[in-house]
K.L.:
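Please see the structure below; I have some questions.
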2 protein chains.
Amino acid sequence: MDNSDVSDDRNAEKRILESARHIFHIKGFEGTKMQEIADDARINKAMLHYYYRSKDKLFEAVFSEAAMDFFPKVLQLIDNDLPVFEKIKNFVHGYIDVVLTNPCIPGFIISELNQNPERLKKFFSKKQIRPPDKFVNQIIKAARDKKIVPTDPMQLMLNIISLCLFPIVARPVIETIFNIPDNKYLRFMEVRKKEVTKFIINSIKVK
Amino acid sequence: MDNSDVSDDRNAEKRILESARHIFHIKGFEGTKMQEIADDARINKAMLHYYYRSKDKLFEAVFSEAAMDFFPKVLQLIDNDLPVFEKIKNFVHGYIDVVLTNPCIPGFIISELNQNPERLKKFFSKKQIRPPDKFVNQIIKAARDKKIVPTDPMQLMLNIISLCLFPIVARPVIETIFNIPDNKYLRFMEVRKKEVTKFIINSIKVK
DNA sequence: GTCTATATAGGGATAGAC
DNA sequence: GTCTATCCCTATATAGAC
């Protein structure tokens, strides 16, 4: 079946960005060839340069888009008014869900940032990411009220994110050493949502 | 200062592998150019092909070396006869120490494996990595003895590894969003060793 | 806006002298 | 074993017709 017409009614510029996104996310900057993007968008290679002057510019568009989509979502899930244990459950479930809809993005961002750490600083100075004040205050207050044990909010936040993201970023490694077949991984992450939530709350809750 | 002679007395083959390791670890397969390796090894490009027929072969050497160095160390630290809480402390501290001596390797392995998941399967079938039986049995027994809460050993192991590795793999991201200057990161990881140990033991310990 | 053709450079690999 | 020179292909980018 050929679904050319389905895509063709969106304009070329959008199709290019879509293909670029798809391929850059999987193969990274160096691994991606302009020809491959052109083919995927069913368009001529020259068109890429017509719309986005260079490979760098096209990559920049894809990268900012990913970062802009990614960081605010963490903040939104962690920096709200839910009570602390509910918030943690909600974060773990919600965050894993969100990431699983675009499972390549975290690895893409991390890997490209290791190549070129300046990229993020440039991005952050433009976009101004604010610190998670509500979360920080909430953790300090919960400790004062003896609901949780004294905890550095930033270390806790890093723990939560590590537990959610690492299994997705390192998926191929984990599939291999834990011998999980590819088609069982989603199910594994479903189970993991509950495990991680329990693990975190267990650790900080005062009993 | 020129330290050519210091390195020159080791033979070319070793120097090449050393440079290849260094550059592949940082830039990955696609990002690495043979010329750059040659320059770094202060040797001619043709020599690379003389010793290691192709870029693929050279990469293969570097990758297996990294994997062979990396996976057994996890096993050695987690699958021994220490008592459970001591083992966890020992693992977190020892593992972070080991990884920090080669901080690029985890990201290198993860990222290359996302590009080509077959690589690890090939490697594992050769090298035969055994499962961490001692650890698994220990966790089951500790739960039976009510020393820890009932815990899936594999989920626990994944939790521990996530907490240790993610902050190293995602270092540039974390430095930026937590605003940690580059020269403070080692200190941050020192603090983190204790935090993570506490966090894990707190979570599973029966009080 | 879209295509073909082509310029230009870079990168992997080899031939062949020493 | 080590070097220079070179082959050949691929990749980014542009020129110019339509």
Side-chain angles (χ1 to χ4, degrees), chain A residues 2-65 108 111-112 115-116 119, chain B residues 2-65 108 111-112 115-116 119:
Chain A
D2 174 34
N3 53 6
S4 329
D5 6 71
V6 180
S7 319
D8 271 345
D9 48 16
R10 282 160 310 158
N11 62 34
E13 191 170 359
K14 269 190 192 156
R15 281 216 316 282
I16 291 173
L17 190 63
E18 222 166 276
S19 299
R21 188 187 302 144
H22 182 225
I23 297 171
F24 274 131
H25 283 181
I26 295 175
K27 308 199 170 181
F29 180 81
E30 294 285 355
T32 296
K33 310 300 165 199
M34 294 295 263
Q35 185 63 61
E36 198 180 348
I37 297 176
D39 292 348
D40 189 86
R42 293 180 324 288
I43 221 168
N44 194 280
K45 207 174 41 159
M47 293 295 286
L48 299 183
H49 291 92
Y50 176 77
Y51 284 110
Y52 305 83
R53 282 175 39 88
S54 68
K55 185 183 179 182
D56 272 288
K57 291 258 197 312
L58 182 50
F59 180 84
E60 190 61 35
V62 170
F63 183 84
S64 339
E65 192 195 46
F108 168 69
S111 151
E112 294 304 325
Q115 301 310 313
N116 185 353
R119 234 187 266 280
Chain B
D2 175 34
N3 53 6
S4 328
D5 7 70
V6 181
S7 318
D8 272 345
D9 48 15
R10 283 159 312 158
N11 62 33
E13 191 170 358
K14 269 190 192 157
R15 282 215 317 282
I16 292 172
L17 190 62
E18 223 166 274
S19 299
R21 187 186 302 142
H22 182 225
I23 297 171
F24 274 132
H25 283 180
I26 295 174
K27 307 199 171 183
F29 181 81
E30 294 285 354
T32 296
K33 311 299 165 199
M34 295 295 264
Q35 185 61 60
E36 198 179 349
I37 298 176
D39 293 347
D40 189 85
R42 293 181 323 289
I43 222 169
N44 195 282
K45 206 173 46 155
M47 294 294 288
L48 297 183
H49 291 92
Y50 175 77
Y51 283 111
Y52 305 84
R53 283 174 40 86
S54 69
K55 186 181 178 182
D56 273 289
K57 292 257 199 309
L58 181 52
F59 180 84
E60 190 62 34
V62 170
F63 183 84
S64 335
E65 192 195 45
F108 169 69
S111 149
E112 294 304 327
Q115 301 310 313
N116 184 353
R119 234 186 265 281

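Just so it is clear, the structure is predicted and the values come from calculations on it, not from any experiment.
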K.L.:
Need to verify one output field. Residue with the more 5' nearest nucleotide on DNA chain D, B:Y51 or A:S54?
P.N.:
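Looking at DNA chain D, the more 5' nearest nucleotide goes with B:Y51.
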K.L.:
Using the side-chain heavy atoms of B:I43, tell me which of these nucleotides is nearest: D:dC3, D:dA11, C:dG1.
P.N.:
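My answer, after comparing the listed nucleotides, is D:dC3.
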K.L.:
Report the distance from atom CG of A:L48 to atom C1' of C:dT2, rounded to the nearest whole Å.
P.N.:
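Distance check: A:L48 CG to C:dT2 C1' gives 12 Å.
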K.L.:
What's the NZ-P distance between B:K45 and C:dA13, to the nearest Å?
P.N.:
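Atom NZ in B:K45 sits about 10 Å away from atom P in C:dA13.
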K.L.:
I want to verify a distance call: between D:dT12, D:dC3, C:dG12, whose nearest atom is closest to the A:H49 side chain?
P.N.:
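In terms of side-chain proximity for A:H49, the closest of D:dT12, D:dC3, C:dG12 is D:dT12.
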K.L.:
Has A:E18 got a side-chain atom pairing as donor or acceptor with A:E13's backbone, closer than 3.5 angstrom?
P.N.:
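No, A:E18 side chain to A:E13 backbone: no donor-acceptor pair under 3.5 Å.
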K.L.:
Would the distance check show the side chain of B:K57 and the main-chain N or O of B:H49 forming a donor-acceptor pair, the cut-off being under 3.5 Å?
P.N.:
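It does not hold such a pair.
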K.L.:
What distance separates A:F29 CZ from B:E30 CD, expressed to the nearest 0.5 Å?
P.N.:
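A:F29 atom CZ to B:E30 atom CD measures 12.0 Å (nearest 0.5 Å).
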K.L.:
Roughly, in whole Å, what's the span from NZ in B:K55 to P in C:dG12?
P.N.:
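The answer, rounded to whole Å, is 5 Å.
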K.L.:
Please report, rounded to the nearest Å, how far the C1' atom of C:dG10 is from the CD atom of B:E30.
P.N.:
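Result: 14 Å.
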K.L.:
Can you identify which nucleotide, out of C:dG12, C:dC3, D:dG1, has its nearest atom closest to the A:M47 side chain?
P.N.:
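Closest nucleotide among those given: C:dC3.
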K.L.:
Without decimals, in angstroms, what is the distance between A:Y50 OH and D:dA17 C1'?
P.N.:
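Rounding to the nearest Å, OH of A:Y50 and C1' of D:dA17 are 15 Å apart.
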K.L.:
Calculate the interatomic distance between B:N11 atom CG and D:dG1 atom P; express it in whole Å.
P.N.:
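Result: 9 Å.
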K.L.:
What's the spacing between B:S19 OG and B:E36 CD if we round to 0.5 Å?
P.N.:
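It comes to 10.0 Å.
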K.L.:
Roughly how far, to the nearest 0.5 Å, is the CZ atom of B:R21 from the CZ atom of B:F59?
P.N.:
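Going from CZ on B:F59 over to CZ on B:R21, the span is 13.5 Å.
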K.L.:
Specify the separation, in whole Å, of atom CG of B:L58 and atom P of C:dG11.
P.N.:
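The distance from CG of B:L58 to P of C:dG11 comes to 16 Å, rounded to the nearest Å.
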K.L.:
Could you please name the option among C:dG1, D:dT12, D:dT4 that lies closest to any side-chain atom of A:M34?
P.N.:
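When the side chain of A:M34 is considered, D:dT12 is the closest of C:dG1, D:dT12, D:dT4.
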K.L.:
Rounded to the nearest angstrom, tell me the gap between atom OH in B:Y52 and atom P in D:dT2.
P.N.:
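So the OH-P distance, B:Y52 to D:dT2, works out to 12 Å.
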K.L.:
Select one nucleotide: of D:dT12, C:dC3, C:dA15, the one nearest the side-chain heavy atoms of B:A46.
P.N.:
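Per side-chain heavy atoms of B:A46, the pick is C:dA15.
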